[in-house]
Participant: 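One structure is given below, represented as C-alpha cells, and several questions about it will come after.
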Amino acid sequence: MEDILSVKDLNVYYGVIHAIKNVSFHVGKGEIVTLIGANGAGKTTTLQTITGLIPAKSGEVDYEGKNILKVPGYKLVSQGIAHVPEGRRVFSDLTVYQNLMLGAYTRNDKEGVENDLQMVYERFPRLLERREQRTGTLSGGEQQMLAMGRALMSKPRLLLMDEPSMGLSPIYVNEIFEIIKKINSDGVTVLLVEQNAKKALSIANRAYVLETGKIVLEGDAKELMEDPKVKSAYLSE
Amino acid sequence: MSSFISFLINGISLGSVYAIIALGYTMVYGIAKMLNFAHGDIIMVGGYVVFVATSMYGLPGWLAIICSIVVCTVLGMTIERIAYKPLRGASSLSVLITAIGVSYFLQNAALIIFGADTKSFNSVVNLPSIKLMGGKIVISDETLVTILTCVLVMVLLTTFINKTKTGQAMLAVSADKGAATLMGINVNRTIAITFAIGSGLAAIAGVLLCSSYPVLSSTTGSMPGIKAFTAAVFGGIGSIPGAMIGGILLGIIENLSKAYISSQLSDPIVFGILIILLLFKPSGLMGKQIQEKV
C-alpha cells in the first residue's frame, strides 16, 4: 500500500526535555492508524509537530512524497491535511455556521463548499439544528462533532484526530467512533490519537504504542488487542 | 437647554474621534494581544502628512486625506514588521516597552523633521455649518463630518468583519491562534492586516482631530491616544462596539464636565469614572467576562 504519511526519526524537544525520541511510523492511504499511550507519552506532540504547531529538532515528515517539516502549518490545510485538535478548540464566540465556514477558509470553490456544508449537516444533523447558535452553548459531544465537521470542510485527504473521546459520555464516544469509521470509508485516511485504547484499536487497521516519547510496540490493531502487554497496560478496566 | 445640546453634540463629536482611535487599540489588542502605545503617534503622523500635502504641495483636502491614510497604513505595517513581529511569543512586558519606544521614536522623528514650533492646521472640511432652533444651536461642519465619519467607519468595519473571509479570520485569530492556523489562516498576515486597518483609522482620526483643534505638534497624538486607550478599556478592550460606546461616552463626559464643572477637572473626572467602573466591572462595559476554570 502507498503511504500518505511517513514519519522518520522524529525528535522534538521542549527546552531541554526530549519529548519525542526517534519516532518513526507510517500511514497507508485509506487506513485508520492509531497512536495509543498514556498521558504525557507524546501523542499530541507528535500530531502538533506534523501540522507545524511545534517545531521539530530533527527528522522527516513525508506527506504524499514531500517533506513537509519546514512547511508553515497554515499551508498544509490546502494540501489536504486537517487536524482536529485536542480539546476541540472550536471558536466559542462564533456560530456553528461561522465555525464550519472557517474550516473552508482556504477554499475558493463556492459550489464545492456549499455541497460539503450540506454533507456535514447530513452527517451531523445536530449541527444543522444548531447552525445559528453560539458554539459556546453546545455540549461537549456537539462541540466534538463541530470540530470534526469543521475539519471536513477543508476536504482533507488525511485527517488527524487528537483524543476525540476526551470528556465525552459513553453514548457520544460510540457515536463519534462510528462517524470516524464512516469518514474513513468515504476515502479519508485517519491518524487517530487516543487514550481510550480499546475503542481506538477496535476501529483501527494498525496501531503504534507510545511510551515516554518512544514507540515501543506496533502492529495490526486486532493483534495488539490480544497482546498481553497492551492488555495489562492499556485495556484493563 | 440649547447650550446643553450644543455641549452634548460637541461631546459626541470629540467622542467620535476617541472612538475611531479606540478601534485601532482594541482591534490590535484583540488580535495581537498587545497594547500598541505608539498608536496615538500615528495620529500625529497622519496630521503632519495632511499638513505637508495641503500647505507645502497645495494638494486638495480629499487627496491629502488619501495620502495620509496610505502613509499611516504603510507605517503601521512597517512598525509591526520591524518592532513587534520579532517579539511574537516574548513576554507582554517586552512588547509593551517596545511600543513605548516606538512612540518616542515617532515623536522625536517628527520633532527633528518639523521642528518644535506648533503648526497651525487648516481644516480640510469646508462646508457651511448648520444652525438649529433659530440659530441657538450651531453645529460646525467639522463636528458634523466627524460624527458622520465615525458612524460610517463603524458600519464598514462591522460589515467587513462579519461578511468577509479576512474579517472572519481576524475573529478566529483573536480567539485562538493555534486553531486559526489549523484552519489554514496565515496568522502573521492577519495581524499585519489588523495593524494596517488600525493605522488607517488613526490617520482618519488625525485629520478629524486636527480639523477641529487646528494645532499640530509632535505630541499632538499623545493625549488623544491615552484618552482613546481609556475609552477602549472603558468599553471593554477587545470589543469593537465597546470601543465605539466607550469613546463616545468619554467624549460626552469630558465635554460636559468641562462645561458645567471645571475645565481643569475634566480629565480627573474622566479617569475617576474609569476607575470606578473598573472596580465594579473589571472587563469594561462590553468586555467579555473571563471565566476562571476550577
Side-chain angles (χ1 to χ4, degrees), chain A residues 44 47-55 71-95 97-108 110 113 134-136 143 146-156 158-162 167, chain B residues 26-27 29-33 81 85-86 88-91 158-194 236-243 283-284 286-294:
Chain A
T44 297
L47 286 197
Q48 292 187 333
T49 309
I50 293 171
T51 44
L53 293 179
I54 297 174
V71 178
Y74 70 90
K75 284 190 179 160
L76 296 174
V77 182
S78 53
Q79 295 186 20
I81 303 182
H83 181 166
V84 183
E86 185 179 18
R88 319 182 238 291
R89 288 169 82 169
V90 289
F91 302 109
S92 56
D93 281 334
L94 303 184
T95 64
Y97 172 77
Q98 284 174 315
N99 267 275
L100 291 173
M101 292 314 279
L102 276 166
Y105 178 79
T106 55
R107 296 174 63 181
N108 291 313
K110 265 199 168 161
V113 171
R134 214 176 62 90
T135 305
Q143 289 189 10
L146 177 59
M148 290 163 75
R150 189 178 66 173
L152 290 176
M153 287 301 291
S154 69
K155 221 177 167 67
L158 173 64
L159 185 62
L160 311 182
M161 301 203 60
D162 198 346
Chain B
T26 227
M27 284 172 73
Y29 179 83
I31 285 162
K33 301 285 177 275
R81 182 74 189 73
K85 194 177 166 213
R88 207 91 84 225
S91 80
T158 310
T159 313
F160 173 76
I161 286 175
N162 289 326
K163 300 286 176 207
T164 68
K165 257 189 173 181
T166 309
Q168 294 289 295
M170 286 165 75
L171 291 181
V173 171
S174 107
D176 183 339
K177 288 192 183 61
T181 304
L182 295 181
M183 300 299 106
I185 294 165
N186 183 343
V187 171
N188 282 328
R189 218 195 85 205
T190 309
I191 293 177
I193 292 172
T194 310
I237 192 142
S239 153
I240 286 174
S283 51
M286 313 275 288
K288 251 179 288 174
Q289 220 71 21
I290 297 160
Q291 280 168 4
E292 279 186 44
K293 281 194 181 146
V294 185

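Hydrogens, waters and symmetry mates are skipped; everything else that's a heavy atom, side chains included, is used. Below, chain A is the first sequence line, B the second, and so on; all start at residue 1.
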Participant: Please check if atom CZ in R134(A) has more than 12 non-hydrogen atoms from other residues, nucleotides or ligands closer than 6.0 Å.
Facilitator: yes
Participant: Which heavy atom of I185(B) sits nearest a heavy atom of Y74(A), and at what distance?
Facilitator: O-CB, 3.2 Å
Participant: Could you list which of residues 163-172 of chain B have a heavy atom closer than 4.5 Å to any heavy atom of chain A, in residue-number order?
Facilitator: K165(B), Q168(B), A169(B), L171(B), A172(B)
Participant: Could you pull out all residues at least two apart from R189(B) that satisfy salt bridge (Lys or Arg N to Asp or Glu O under 4.0 Å)?
Facilitator: none
Participant: Within residues 99-108 of chain A, which positions have a heavy-atom distance to chain B below 4.5 Å?
Facilitator: L102(A), G103(A), A104(A), Y105(A), T106(A), R107(A), N108(A)
Participant: Checking R89(A) now: which residues fulfil salt bridge (Lys or Arg N to Asp or Glu O under 4.0 Å) with it, not counting sequence neighbours?
Facilitator: D176(B)
Participant: More than 12 foreign heavy atoms under 6.0 Å from NZ of K177(B): is that the case here?
Facilitator: yes
Participant: Could you measure the distance from the NE2 atom of H83(A) to the OG1 atom of T181(B)? Nearest 0.5 Å is fine.
Facilitator: 11.5 Å
Participant: Do M183(B) and M153(A) make a side-chain contact, defined as non-hydrogen atoms from C-beta onward lying under 4.5 Å apart?
Facilitator: no
Participant: Quick check for you: among V77(A), L76(A), I81(A), D93(A), which has the greatest number of heavy-atom pairs under 4.5 Å with chain B?
Facilitator: V77(A)
Participant: Of all heavy-atom pairs between A175(B) and F91(A), which one has the smallest distance, and what is that distance?
Facilitator: CB-CD2, 3.8 Å
Participant: After noting the C-alpha distance and the side-chain angles of L53(A) and L182(B), does the key distance pass the side chain to side chain contact (heavy atoms under 4.5 Å, CB included) rule?
Facilitator: CA-CA 9 Å; L53(A) 293 179; L182(B) 295 181; 4.0 Å; yes
Participant: May I ask you to name which of Q48(A), R88(A), R150(A) has the most heavy-atom pairs under 4.5 Å with chain B?
Facilitator: R150(A)
